[in-house]
Amino acid sequence: MLKLGVNIDHVATLREARYRGLALGEPCPVEAARICEAAGAHGITAHLREDRRHMQDRDIWRLREVVKTRLNFEMANSVEIVAIALKLKPEIVCLVPERRQEVTTEGGLDVVGSETSLTETRKRMNDAGIEVSLFIAPDLRQIEASARTGAQFIELHTGQFAEHVADAAKGESELQRLIAGAGLAHSLGLQVNAGHGLNYENLAALNRVPHLVELNIGHSIVSRAVFTGLSAAVTEMLGLMKSYRG
Ligand code: PXP
């Protein structure tokens, strides 16, 4: 069964829009995590950015106490954040690019260009009992490099797909890249997640991408929650995901 990890960063984004710099305010991302889990989400994803744009340190520690399913800690491969992750002990970390030189043209992590440092971090995380995922574009060279790092997962960046899905030719070509990428990753022993820009409308097209384990979805769920409430928004997404056959 395809799993849903709800990315709750945008709940914190909304809070920070009003309460930045204050250790209080609504909406509370920890409460959001509770509601998502109660609605059936299989995991909670949160990104502690180096600039603390949305999630704050106190959120991450509270999430660690509260999340009962699986905490996926999105993070840059930086000294400060690696140290936090090793103390936090999420079930899994997803390494994402934050600095320009770590980013490929399509927005995923440049694993080819930082294979040595990513391998080092991968080892440190695994030694602490934390699984590792790398957020990459569906680029065959990046996938091969990801396998060489020894990571357990990749998360395929679906941003280009989401952006072009309305254009039949471009959308199909992006979908083909995801299909090929997932196939290669699976053949190399990597487990495959996907995320970025997925929503209630474009999700169905992903049914053609094989081997997907988990989708990480944030913005569309948090946006729908404004009108329906978070529990209903998660339930509806889970309902749509049931049609995935792998
Ligand atoms: N996966 C990763 C690695 C991300 O950085 C993000 C965005 O924070 C997401 C998934 C979720 O993207 P969206 O908010 O567009 O659903």
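Throughout, residue positions are numbered sequentially from 1 according to the sequence presented. Order of listing sets the numbers, starting from 1, for every ligand and every atom in it.
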Other residues, nucleotides, ligands: >12 heavy atoms within 6.0 Å of Arg124 CZ =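 Not buried by this count: 12 neighbours or fewer within 6.0 Å.
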Using only heavy-atom distances, determine whether the side chains of Asp110 and Thr104 contain a donor-acceptor pair under 3.5 Å.
->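 No - no donor-acceptor pair under 3.5 Å links their side chains.
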Nonpolar side-chain network containing Val79, other nodes, edges under 4.5 Å |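 Members other than Val79 - counting any ILVMFWY side chain reachable under 4.5 Å - there are none.
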Which of parallel (below 30°), tilted (30 to 60°) and perpendicular (above 60°) describes His157 and His196?
->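 His157 and His196: tilted rings.
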Enumerate the pairs of nitrogen or oxygen atoms, one from ligand 1 and one from the protein, separated by less than 3.5 angstrom; state names and distance to 0.1 Å.
| unit_1 | atom_1 | unit_2 | atom_2 | d |
| --- | --- | --- | --- | --- |
| ligand 1 | 1 (N) | Glu155 | OE2 | 2.5 |
| ligand 1 | 5 (O) | Glu74 | OE1 | 3.1 |
| ligand 1 | 8 (O) | Asn7 | ND2 | 3.3 |
| ligand 1 | 14 (O) | His219 | N | 2.9 |
| ligand 1 | 15 (O) | Gly197 | N | 2.8 |
| ligand 1 | 16 (O) | Gly218 | N | 2.8 |
| ligand 1 | 16 (O) | His219 | N | 3.4 |

What side chain to side chain donor-acceptor pair (under 3.5 Å) pairs are there with at least one residue in residues 29-46, not counting sequence neighbours?
->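 For residues 29-46: Glu31-Arg34, Glu37-Thr69, Thr45-Asn72, Thr45-Asn216.
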Could you give all pairs that pass the ring pair (Phe, Tyr, Trp, His ring centres under 6.0 Å) test and reach residues 225-246, with sequence neighbours left out?
->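 Found none.
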